[in-house]
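In what follows, a single structure is set out as structure tokens and then discussed.
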Amino acid sequence: MSAVPPQIEADPAAAGRAQLEFDDNLLLPALYGERDQHLDRIERQLGVSLMSRGNRLSIAGPASATEVARLALTRLYDRLKHGQEIDLAAVDAAMRLAQAGVEDKSPSLWREDAGFRTRKRRVAPRSAAQADYVRAMREHELVFGLGPAGTGKTYLAVAAAIDLLMAGKVERIILSRPAVEAGERLGFLPGDLRDKVDPYLRPIFDALNDMMPADQLAKRLASTEIEVAPIAFMRGRTLAHAFVILDEAQNTTPVQMKMFLTRLGEGSRMVVTGDPTQVDLPIGSRSGLADALEALRGIEDIGIVRFTEKDVVRHPMVARIVGAYEARDRAARGAESPG
């Protein structure tokens, strides 16, 4: 049964006022949060006032902020009607998407098909850039996701891969990262190959574990239906009917990147993620990611999505940390510029 949205009464004569009426009082404790912490978060972030009485919630404040709060609360209530839980992270995500929707009038941010389904959960975008990223992965065979840590680049790419694998649209998933710290020479590390490469591929395994039951993941890894390997192991292969992800691509060399991109085979999709500002290659070495973006400039049917600190979906402090570093780096570049 489809969810019934809350009835909305807007007062056009009094800008910055709206009222939501909910049809299921049992969902309101989860919507409002423990000790109304979700409402408090919205009030502090948007500068609005929220007053609840029975199954009605009044919103007052600046007109644009009131509309953002209305959209966010409506979306959160809709999630609860669909049996999904919400927390403070979901509240922050709803406000980000509502803000973007108000600014560019984009209803596509709220569509039910805007995310991906995995074995454990439905993964939906939590920012406008993430929505663009999801769209790009649906529409393009090659996509670059660029930006700082915590913006969901790898997580959403893994979700897209699992979604297509479950739908039978690809036959396998191949996930790769450069093992920069060991210079791709892993022999000095103890253990077998899996033990040697696990430290470099752990973020990918974390995403997989978050989306698939452990027994199914183990079975698919054993059958190589899901393959996780350093980029050095991609040489000489043609990857057909696969969803291929290269993570931390800023740490590839130009030779490695060209080799990887030319592995794309029939019926395959490829997503390349990385943060161009966090290159761990030896000083003076050119990043394969920067080299590829320059070489491929102007080629059609390649999706490129850029994230900023505003798209960080981890702890709010992470976004502030990323922003502080980027501000310092911009200031340093400005000081170095002649003039």
Side-chain angles (χ1 to χ4, degrees), residues 1-10 16-61 65-102 107-128 130-131 134 150 152 155-156 159 163 207 209-213 311-319:
M1 185 177 68
S2 61
V4 178
Q7 297 180 14
I8 302 166
E9 298 176 10
R17 287 189 175 275
Q19 184 166 270
L20 297 176
E21 183 174 345
F22 304 100
D23 64 345
D24 189 346
N25 287 1
L26 296 179
L27 296 178
L28 297 187
L31 178 65
Y32 296 171
E34 186 177 354
R35 295 189 296 275
D36 290 344
Q37 62 175 338
H38 296 165
L39 299 186
D40 291 342
R41 182 73 146 237
I42 293 171
E43 286 183 325
R44 289 197 306 272
Q45 293 288 335
L46 300 178
V48 297
S49 175
L50 304 176
M51 295 289 293
S52 62
R53 177 173 294 179
N55 68 334
R56 290 173 176 255
L57 183 67
S58 298
I59 310 171
T66 297
E67 177 64 5
V68 171
R70 183 187 70 77
L71 281 172
L73 285 161
T74 301
R75 181 57 171 167
L76 291 168
Y77 181 73
D78 186 57
R79 283 173 59 92
L80 292 170
K81 294 284 285 189
H82 281 83
Q84 302 176 47
E85 297 180 356
I86 63 174
D87 54 15
L88 286 174
V91 173
D92 290 340
M95 286 190 286
R96 278 193 298 269
L97 287 170
Q99 184 73 53
V102 168
S108 63
L109 297 179
W110 305 93
R111 291 199 328 247
E112 281 300 311
D113 63 348
F116 301 110
R117 294 192 180 277
T118 70
R119 291 294 184 188
K120 281 188 176 181
R121 67 188 65 204
R122 181 176 177 276
V123 179
R126 292 190 165 193
S127 73
Q130 284 194 353
V134 168
Y155 195 85
L156 283 170
D163 189 342
N209 283 316
D210 205 28
M211 298 177 197
M212 297 191 75
D311 300 300
V312 173
V313 293
R314 293 179 183 170
H315 191 285
M317 182 60 72
V318 176

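Throughout, numbering of the chain's residues begins at 1 and tracks the sequence.
- Partners of Tyr32 by side chain to side chain donor-acceptor pair (under 3.5 Å), not counting sequence neighbours: none found.
- Taking each heavy atom of Leu28 and Gly54 in turn, the nearest pair found is CD1-O, 3.7 Å.
- In terms of heavy-atom proximity, Val68 sits nearest to Ala98 at O-CB, 3.5 Å.
- Salt bridge Asp78/Arg75: present, at least one basic N to carboxylate O contact under 4.0 Å.
- Remark: side-chain polar atoms of Asp87 are paired, donor with acceptor, to backbone N or O of Ala90 under 3.5 angstrom.
- Formation of a donor-acceptor pair under 3.5 Å by the Tyr155 side chain with backbone atoms of Gly150 is not found in this model.
- Separating the CG atom in Asp36 from the CD1 atom in Ile42 is a distance of 10.5 Å, to the nearest 0.5 Å.
- Under the rule for a side chain to side chain donor-acceptor pair (under 3.5 Å), the partners of Ser58 that lie at least two apart in sequence or sit in another chain are Gln19.
- Using modelled atom types, no side-chain atom of Ser52 and backbone atom of Leu57 make a donor-acceptor pair closer than 3.5 Å.
- Of all heavy-atom pairs between Val134 and Leu156, the closest is CG2-CD2, 4.3 Å.
- Here the closest non-hydrogen pair linking Leu73 and Leu39 is CD2-CD2, 4.0 Å.
- The nearest pair of heavy atoms linking Pro125 to Ala131 is CB-N, 3.5 Å.
- Between the side chain of Arg96 and the backbone N or O of Ala128 there is no donor-acceptor pair closer than 3.5 Å.
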As a quick check of understanding, evaluate side-chain contact (heavy atoms from CB on, under 4.5 Å) for Arg35 and Asp40, giving each step before the final call.
CA-CA 9 Å; Arg35 295 189 296 275; Asp40 291 342; over 6 Å; no
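- Although no hydrogens or angles enter the test, the distance criterion places a donor-acceptor pair under 3.5 Å between the side chain of Glu43 and the main chain of Leu50.
- Considering Arg44, Gln37, His38 as possible partners of Arg41, the one that fulfils the side chain to side chain contact (heavy atoms under 4.5 Å, CB included) test is Arg44.
- For Asn55 (side chain) and Glu21 (main-chain N/O), no donor-acceptor pair under 3.5 Å exists by modelled atom type.
- Counting only heavy atoms from C-beta outward, the side chains of Leu46 and Met95 approach each other to under 4.5 Å.
- With rounding to the nearest 0.5 Å, the separation of CG in Asp24 from CG in Leu31 is 11.0 Å.
- Closest of all the heavy-atom pairs between Ala69 and Ile59 is CB-CG2, 4.0 Å.
- In this structure the side chain of Leu20 never reaches within 4.5 angstrom of the side chain of Tyr77, judged on heavy atoms.
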